[in-house]
Every structure is written in C-alpha cells, then in structure tokens.
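Encoded as structure tokens, the structure appears first; notes follow it.
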Amino acid sequence: MTGLESLGRRTSPWVLVLHTVTFRQARALVPAVLALGVTRGLGDGLGTVIALVAGITLLSLLGAAISWWRFSYTDGDAAVVVTRGLLTRSARTVPNDRIRGVEVEAPALHRLLGLVRVRIDAAAGSVTSEEELLIDGVTRAEGDRLRNRLLTHAASAQDLLAGRHAAAEPEEELLRFDYRWLVYAPLVGSYLAVPLAAGGALLRAAEELPEQFLPEFWSPDVSDTRIVVRLVVSALLLLILGSIIGSALVNWRFRLLRRGGALVAVRGLVTRRHTELDIDRIRGCTISEGLGMRLVGAARVSALVTGLGDATRRGQVLPLGPVELARALSTELVDHPGPLRRHPPAARRRSIARGTTPGLLVAAAGGVVLALTGWWPLLAAGAALVLLGVPLGLARYNALGHVAGPRSFALRSGWLVRSHTVLQDRAVVGWEVRQSLVQRRAGLATVLACVGAGSGGYTARDMAADEVAEFTRAASGEWAATLTPYD
C-alpha cells in the first residue's frame, strides 16, 4: 500500500448533507443540466422544475459522496498530511514546525449541523501557490482538538530546535470589542460595501423574477426637490445602518487573547471564527487609518505574520477602534522605534507637483478650447483641479515618514488610507532602491523593504537619497549598508 493510500481520519458524514445543500460539487454542472433540459424539449411546468432540481441534487450528492470518500487527513507527531482525489490522487504534507496559524470557522449551516472548517496556515508552498490546508466538515470537538494539537506540536518543534522547554502560560485578554465602536463603521469602505453589495444582489434577483411576482413600486416624481431630498436622505440612512449591521455581524463578541505562545482572535455572529497565530512568527504590524477614520480618531491594526494566507482578514487583531488603543496594541506586539523623521522639502515640492499636474494639463487643454471655440468650463475645471491639487500634495507629503530603531523600524505613507507599518529588523529579507529621473534630479529615492509577511513589501517614498544607506543599515544591519541610489 502506497503512502497516498495510507489510512487517515475522515471528516463527518454530515458533510454530505452540507455539500449537497450548497451544491458545492455540482455548481459547474448546473448550466449543463439546464441546457440538457432545453435541448430535450422539456416544458416549463412544475414537473420540469422538480425534475431539474432533483437531477442537480442527485449529482451534487454523488459528487459530495465521492469527495468525502477520497478525502482523509492525518495529524502526526512530525507533520500533517491531507490526501484527496479520485482519478488523480494527491497528498500534501506540511511539517509541524512550518505551521503559522490555525483558524476554526463555523458558518451558519455548519453550526446547524455541528460542523466546522479548519484552515491551517503553512509556509510550505505548493505548485498551485496554496498557502493553507483546508479540512472542511469536522465536528466542533475535533476542530478544537486539531487546533490545539497542531499548534502545540508547532510550538514544541520550535522549542526543541531552540533547545528550550515549553512552559504553560496563563490566558491573557488583550482587548475586547466595544460595541460603541460600531459608530466608526460608516467611515470604513469595506463595511460600506456590505449594504451596497446586498442592494445590488436584491436588484439582480428582482430582475430574474417574472413580472407577476413583482410588486408595483411607487414611481417618485424626481422633479419635486423635496422628494429627491427624502430619497437621498433615506438612502444614506440605509447605507449607514447597513454598514453598522455588517460590522456587528463580522465583529460580534470579538476578543483578542494571548494564550501561551499564540495570539487568539475570536469573532463573528453568523460565521464564528477562531483564529490562532504563532506569536514567534509575528514580524510587525500595520495601523490603517482611512480618511474618514482620521477625522474621528479611529484605526485598524493587522499583525504581519510570515506565511499567513489571507493576511488582510486573518491577521487583523483590532478590526476597528480608537487610534490610541491601536497604537498601544501595536507597541504591545512590536517594539516601536520612536518618532518618525519627516522627508526633505524636495519631497514636498514633488508631492505638490504630482498633485497639480493633472489640473495643469486640463487647464492647458481648456485654454486651447477657449481660444478656438470660446467655451470656458474646461479651463475653469482645470483651475479648480490645480487648486485642489495643492492641499492633496501637502496631505500626501505630511503622511510620509520613516525611522529606524535598535530592534525595529517604521514606515508611513498614504493619503486616502494612511498606513503606519512597524517591522522587526529580522523581518527584512532584502532591500530595493528605486529612482526615477525626477527623483534623481531632486536628490530623492524610494526604498522598498522586502519581507516575508503581510503584503511582501513596504515602501518609504521620496526619502533623501543620501539617507538611504544610513537608514537601511540601522534597520537591518551592515549587510544593507552597500545600498546606494543609482549614479
């Protein structure tokens, strides 16, 4: 018997019901079944609809049964192995010391059947660029056992490699979501997208319904200003309410805990998620402040963990809260190197030039149009864009900053969304220096810190060129002192 056929654990048989109900295994076959029904000349009666639904359901059940039968997993003392496939069998093996985090997820239908999904983040790579293992359809008890066992094995392997013994540590609550913070939700683009997406889905669903099933909607008189104002105000209120509800569903009973060598985040109402991150793999954190969030003093915090898939969501350790709390949490996770250094005046001039250039181009085109036709609105629009470009350039410049300390360094940039990233010195795997022709003439350079966590690279834009070597050396050691801008 080969390794691919070796015995392992199976998921719960209830997963057959789950995948059949969601048509997970038969989604690609739905158009084919419908096309077959049309080509066979089937009618449009109730019997045809029942036959098509029954056919798709049977195909989904068959696919789910085959998938369940040929899927197994093994959590050994040295590695976790996931085996799958009918005609082409595959087995993915990940050593325990490469596990970066484990997430136990329980969507609504899973919870109804007493099941969970287990996502295992592993920096082991694959030819399909998958960074995680997914075990879908185990019981809650089995999910908790897997999470505890895998993280315990990962920590034990690291302790053995470091020549130390793991010691049990008490659980410490770092923060708990305060529902008063939901007032910040309408200022976050991702939460505003929830009611917009829901409204779009309802409109698309309504278009698919026959006319006899649709109610007669009131057609407002848009020539009446009062009606238009009421419609706009109602839409804004629904948008605000929808963003708050969406934020509450995602962040319901959010808690951030430190448990031994793991950072634990628990959240969610409809889908309950339990994410554990290996603290030893945290290489930094990012404080994100959108334009609206800065006006009310709110922010979000994400931990940067090596090998973490879907880092934007699963690395989030503060989904939304006061900026003072965000900064305190950032300092708790990573030592802050100190106050940021401002970029040189040449960076301010370049930022203003970049902000006003589009307006100048429009104004130049407007001047030509004015001379030829006497039409002036394009010239006025260009002048307005130039005036708006000046504060935009200043805002972009004021967002810039960098500093290097004994054990970490920090970079800040962004105007619409300002990101303040603090990285440990050991996070850097390489540096890249870029200079455009304009930057070279102004004595500026853009420095990219390449890291194995988060988005993979973080930028200090328009830094003084003669500070590059000093900054990179202070941030990651003498090996980076050879970095110089282009001659």
Salt bridge (Lys or Arg N to Asp or Glu O under 4.0 Å) partners of R407, counting only residues at least two apart: D335

I'd like to know if the side chain of R412 and the backbone of A399 have a donor-acceptor N/O pair within less than 3.5 Å. yes

So, do R272 and V266 sit near enough that their side-chain heavy atoms are less than 4.5 Å apart? yes

Look only at the side chain of R300 and the backbone of P319, and say whether a donor-acceptor pair between them is shorter than 3.5 Å. yes

Before you tell me yes or no, could you show the steps for Y397 and W415 under ring-ring contact (aromatic ring centres under 6.0 Å, His included), namely the whole-Å CA-CA distance, both residues' side-chain angles and the distance that decides it to 0.1 Å? CA-CA 9 Å; Y397 168 75; W415 169 72; over 10 Å; no

Main chain of R230, side chain of S234: is a donor-acceptor contact present, judged purely on distance under 3.5 Å? yes

Less than 4.5 Å apart, side chain to side chain, heavy atoms only: is that true for P344 and L444? yes

In Å, rounded to the nearest 0.5 Å, how long is the span from CD of E103 to CZ of R273? 6.0 Å

Under the 3.5 angstrom rule, does the side chain of R147 hit a backbone N or O of G143 as a donor-acceptor pair? no

If you measure from CG on L387 to CG on L392, what distance do you get to the nearest 0.5 Å? 12.5 Å

May I ask you to test the R117-P107 pair for a side-chain heavy-atom distance under 4.5 Å? yes

Please name the pair of heavy atoms, one in A298 and one in E289, separated by the smallest distance, quoted to 0.1 Å. O-CG, 3.9 Å

Before you tell me yes or no, could you show the steps for D136 and H110 under side-chain hydrogen bond (donor to acceptor under 3.5 Å, both in side chains), namely the whole-Å CA-CA distance, both residues' side-chain angles and the distance that decides it to 0.1 Å? CA-CA 9 Å; D136 188 8; H110 283 67; 2.9 Å; yes

Holding to side chain to side chain donor-acceptor pair (under 3.5 Å), I want the full list of residues that pass it with N251, two or more places apart in sequence or in another chain. Y191, S247

Taking only residues two or more places apart in sequence or in another chain, which ones pass ring pair (Phe, Tyr, Trp, His ring centres under 6.0 Å) with H336? H420

Considering residues at least two apart in sequence or located in another chain, which fulfil the side chain to side chain donor-acceptor pair (under 3.5 Å) criterion with R342? N398

Carefully, step by step, assess D278 and V305 under the rule side-chain contact (heavy atoms from CB on, under 4.5 Å). CA-CA 8 Å; D278 186 354; V305 185; 5.8 Å; no

Hey, are the side chains of T139 and W14 touching, using non-hydrogen atoms and a 4.5 Å cut-off? no

Of L263, V264, L175, which meets side-chain contact (heavy atoms from CB on, under 4.5 Å) against L257? V264

What distance separates L115 CG from T11 OG1, expressed to the nearest 0.5 Å? 8.5 Å

Spacing of R255 atom CZ and R176 atom CZ [to the nearest 0.5 Å]: 5.0 Å

From the options L423, V451, V334, I282, select the one residue that forms a side-chain contact (heavy atoms from CB on, under 4.5 Å) with L304. L423

Is a donor on one side and an acceptor on the other found under 3.5 Å between the side chain of T446 and the backbone of R461? no

T357 side chain to A353 main-chain N or O, any donor-acceptor pair under 3.5 Å? yes

d(L318 CG, L174 CG) to nearest 0.5 Å is 11.0 Å

Go through the structure and list residues passing ring pair (Phe, Tyr, Trp, His ring centres under 6.0 Å) with H343, not counting sequence neighbours. H402

Do M463 and L400 come within less than 4.5 Å of each other through their side chains, counting heavy atoms only? no

To the nearest 0.5 Å, how far apart are NE2 in H274 and CD in E105? 13.0 Å

Exceeds 12 heavy-atom contacts within 6.0 angstrom, atom CH2 of W181: yes

So does S408 get a backbone contact from the side chain of D425, meaning a donor-acceptor N/O pair under 3.5 Å? yes

For R111, does the CZ atom sit with more than 12 other heavy atoms under 6.0 Å from it, leaving out its own atoms? yes

Using ring pair (Phe, Tyr, Trp, His ring centres under 6.0 Å) as the criterion, list what pairs up with W376, not counting sequence neighbours. none

L241 and L237, any side-chain heavy atoms less than 4.5 Å apart: no

W431 vs F471, side-chain contact (heavy atoms from CB on, under 4.5 Å): CA-CA, chis, key distance, verdict: CA-CA 11 Å; W431 291 93; F471 171 72; 3.7 Å; yes

Is there a side-chain contact between P339 and V403, using heavy atoms and a 4.5 Å cut-off? no

